[in-house]
Peer 1: 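First, the structure itself, so that you have it in front of you.
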Amino acid sequence: VLHGGPRNPGTNQGPSWLSWYDARSGKLTRKVDLPGANSVQLNRYERPAIADAPEITYVSRHSEDSYQCLQIGRQSEAAEPMSDGDDGFDGSEARWFIEMSDDSKWLAFHDGERVRLFKRTGMELAEVETFDREVTSEKDVGNYLRNVRFTPRSSHLVVGSLFRTMLFNLETRKIQKEFKVGTENSDITSDGSLLVLWHDGGSWSVEINSGKVLAPKNQERGILHASGIDELVFSPDGKYLVSGDGTHFIVWNVTTGKALASLASPKEKDPDFRSMTSPVIVPGHGKVYGVDCWDVLEWDLGKIQQNQQ
């Protein structure tokens, strides 16, 4: 957990530190102070980036007048700036977000302008590939690389922007497939076989190994989000997908690409209602869960299925 201490009202800056907790007991097991002053309030819109490997932890955060990328060895008592020669991360004007593969062997740093892919061996990083955003016309100005994900089992890297999506094969180190469509958000089944991409209120499914598109983007959905999609979650069996836009959930059949239901909080019209988030779908229990400003919400998956028959 990245913590931010009390900030000075005059400078809006304060101390920050990284803490490790035992997941079972909740007890603090380790604490490392980070250099410089933290300049950004830690909230969902400016979340810190943390990647934790067996031997080392990587942290990206805003400090004073620049962004930092730090590394902390497992036995180290201090954080050190990351550097890779003339093009280091520390002191950058760009905010680097960090993604790590499930096996901890691959790291991707991305700042919207580019994605830098590294192979990790112990404490060492070797850069493998760099992907830059394309600006070939006036419409491409906002074409930021905003969606970067590793597939489970560490077979591929997904890199998405507003106008294209790439599927990079980590074994061959080549772009396996490039889609001439944008990506606002994505999720991947737990077995790493199926990728679902979302953009402009529509979605489509892709077989990762073959790159084959299973559900065309323009397929009739019947139910759409009225705003941007913030959250995506697959059911453990990979048959259902729940998408959330902050106020509503939509339950999807992954095989058919069909929207099964739009779910809302019973208090969505309450003046104090702010959001509905954190979707969870558990077919074994026949339930879909979420939280609003007051309660844990529950819907019956069986009734949702019956309404579609």
Peer 1: Passes salt bridge (Lys or Arg N to Asp or Glu O under 4.0 Å), Arg173 versus Glu129? Steps please.
Peer 2: CA-CA 8 Å; Arg173 301 190 180 184; Glu129 187 67 75; over 6 Å; no
Peer 1: How many angstroms lie between CD in Gln75 and CZ in Arg30, if you round to the nearest 0.5 Å?
Peer 2: 7.0 Å
Peer 1: Please answer whether the main-chain N or O of Tyr240 pairs with a side-chain N or O of Ser235 as donor and acceptor at a distance below 3.5 Å.
Peer 2: yes
Peer 1: Taking the side chain as every heavy atom from C-beta outward, state whether Val158 and Thr165 have any pair of such atoms under 4.5 Å apart.
Peer 2: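 In contact.
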Peer 1: Which heavy atom of Gly192 sits nearest to which heavy atom of Ile208, and what is that distance?
Peer 2: O-CD1, 3.2 Å
Peer 1: Quick check on the hydrophobic clustering: are Val291 and Val242 connected, directly or via other members, by side-chain heavy-atom contacts under 4.5 Å?
Peer 2: no
Peer 1: Consider only side-chain N and O atoms of Glu268 and His248, and report whether a donor and an acceptor are under 3.5 Å apart.
Peer 2: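 Looking only at side-chain atoms, His248 and Glu268 do form a donor-acceptor pair, the distance falling under 3.5 Å.
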Peer 1: Given 3.5 Å as the limit, does a donor-acceptor pair link the side chain of Asp295 with the main chain of Leu297, or not?
Peer 2: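 Not at all, since once roles are kept as given, no pair shorter than 3.5 Å links the two residues.
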Peer 1: Could you tell me if the side chain of Pro35 sits less than 4.5 Å from the side chain of Leu70, heavy atoms only?
Peer 2: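 Answer yes - side chains close enough.
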Peer 1: Looking at every non-hydrogen atom in both residues, tell me the closest pair between Ile72 and Ala78 and how far apart they are.
Peer 2: CG2-O, 4.1 Å
Peer 1: How far apart are the C-alpha atoms of Met276 and Phe249, what are their side-chain angles, what is the distance that settles it, and do they pass the side chain to side chain contact (heavy atoms under 4.5 Å, CB included) test?
Peer 2: CA-CA 8 Å; Met276 187 175 78; Phe249 296 161; 3.7 Å; yes
Peer 1: Do other residues, nucleotides or ligands put more than 12 heavy atoms under 6.0 Å from Lys267 NZ?
Peer 2: yes
Peer 1: Is Tyr289 close to Val282 at the side-chain level, that is, under 4.5 Å between some pair of heavy atoms?
Peer 2: yes
Peer 1: Determine, for Trp106 and Lys119, whether the Lys NZ or Arg CZ falls below 6.0 Å from the six-membered ring centre while staying within 45 degrees of the axis.
Peer 2: yes
Peer 1: Decide yes or no on side chain to side chain contact (heavy atoms under 4.5 Å, CB included) for Asn169 and Glu171, but give the supporting numbers first.
Peer 2: CA-CA 6 Å; Asn169 189 306; Glu171 182 177 357; 3.3 Å; yes
Peer 1: Should the heavy atoms of other residues, nucleotides or ligands under 6.0 Å from CZ of Arg153 be counted, would the total exceed 12?
Peer 2: no
Peer 1: For Phe168, enumerate each residue passing the ring pair (Phe, Tyr, Trp, His ring centres under 6.0 Å) test, keeping only those at least two apart in sequence or located in another chain.
Peer 2: Phe131
Peer 1: How long is the gap from CD on Gln176 to CG on Leu170, to the nearest 0.5 Å?
Peer 2: 10.0 Å
Peer 1: Restricting to non-hydrogen atoms, name the atom on Leu107 and the atom on Ala51 that form the minimum distance, rounded to 0.1 Å.
Peer 2: CD2-CB, 4.1 Å
Peer 1: Could you check whether any side-chain heavy atom of His110 comes within less than 4.5 Å of a side-chain heavy atom of Glu99, counting everything from C-beta outward?
Peer 2: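 With C-beta onward as the side chain, the pair touches.
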Peer 1: To the closest 0.5 Å, what do you measure between OG (Ser60) and CH2 (Trp96)?
Peer 2: 9.5 Å
Peer 1: Can you hop from Met123 to Leu125 via hydrophobic side chains spaced under 4.5 Å?
Peer 2: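 As far as the 4.5 Å side-chain criterion goes, Leu125 and Met123 are connected within one cluster.
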Peer 1: Measure the shortest side-chain to side-chain distance between Leu117 and Thr130 over non-hydrogen atoms and say whether it is less than 4.5 angstrom.
Peer 2: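 Sidechains of Thr130 and Leu117: no contact.
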Peer 1: Does Ser275 offer a backbone N or O that forms a donor-acceptor pair with the side chain of Thr247 under 3.5 Å?
Peer 2: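 It does not hold such a pair.
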Peer 1: If Ile, Leu, Val, Met, Phe, Trp and Tyr residues are connected whenever their side-chain heavy atoms lie under 4.5 Å apart, and connections chain through other members, are Val233 and Leu260 in the same group?
Peer 2: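 Yes.
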Peer 1: Could you walk me through whether Tyr58 and Met100 pass the side chain to side chain contact (heavy atoms under 4.5 Å, CB included) check?
Peer 2: CA-CA 10 Å; Tyr58 303 93; Met100 180 180 286; 4.1 Å; yes
Peer 1: Same cluster for Trp252 and Val280 if Ile/Leu/Val/Met/Phe/Trp/Tyr side chains link at under 4.5 Å?
Peer 2: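 No; Val280 is not reachable from Trp252 via cluster members.
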Peer 1: Check step by step if side-chain hydrogen bond (donor to acceptor under 3.5 Å, both in side chains) holds for Asp103 and Ser154.
Peer 2: CA-CA 7 Å; Asp103 61 6; Ser154 310; 3.0 Å; yes
Peer 1: How about Phe118 and Phe109: are their ring centroids closer than 6.0 Å?
Peer 2: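 When the ring centroids of Phe118 and Phe109 are compared, they turn out to be within the sub-6.0 Å range.
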Peer 1: Would you call Arg120 and Ser104 a side-chain contact if the rule is heavy atoms closer than 4.5 Å?
Peer 2: yes
Peer 1: Has the side chain of Ser210 got a donor or acceptor atom that lies under 3.5 Å from a matching backbone atom of Lys212?
Peer 2: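 Such a contact is found between Ser210 side chain and Lys212 backbone.
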Peer 1: In Å, rounded to the nearest 0.5 Å, how long is the span from CD1 of Ile56 to CD of Glu80?
Peer 2: 8.0 Å
Peer 1: Measuring from atom CG of Asp292 to atom OG1 of Thr277, what distance do you get when rounded to the nearest 0.5 angstrom?
Peer 2: 8.5 Å
Peer 1: Taking all heavy atoms of Pro283 and all of Leu301, pick out the closest pair and write down the distance.
Peer 2: CA-CD2, 4.0 Å
Peer 1: Partners of Asp52 by side chain to side chain donor-acceptor pair (under 3.5 Å), sequence neighbours excluded?
Peer 2: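 Asp52 satisfies side chain to side chain donor-acceptor pair (under 3.5 Å) with Thr57, Arg74 once adjacent residues are dropped.
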Peer 1: Distance check, rounded to the nearest 0.5 Å: Asp132 atom CG versus Arg114 atom CZ?
Peer 2: 7.0 Å
Peer 1: Please examine the side chains of Val254 and Lys239, heavy atoms only from C-beta on, and report whether any two atoms are closer than 4.5 Å.
Peer 2: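 A side-chain contact under 4.5 Å is absent here.
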Peer 1: Using every non-hydrogen atom in the two residues, find where Leu34 and Leu18 come nearest and quote the distance to one decimal.
Peer 2: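 Smallest heavy-atom distance, with atoms named: CG-N, 4.3 Å.
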Peer 1: Would you say Thr121 and Lys105 make side-chain contact, with heavy atoms under 4.5 Å?
Peer 2: no
Peer 1: For Val32 and Ser76, work out which heavy atoms get closest and say how close.
Peer 2: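 Nearest pair, atom of Val32 first, then Ser76: CG2-O, 4.3 Å.
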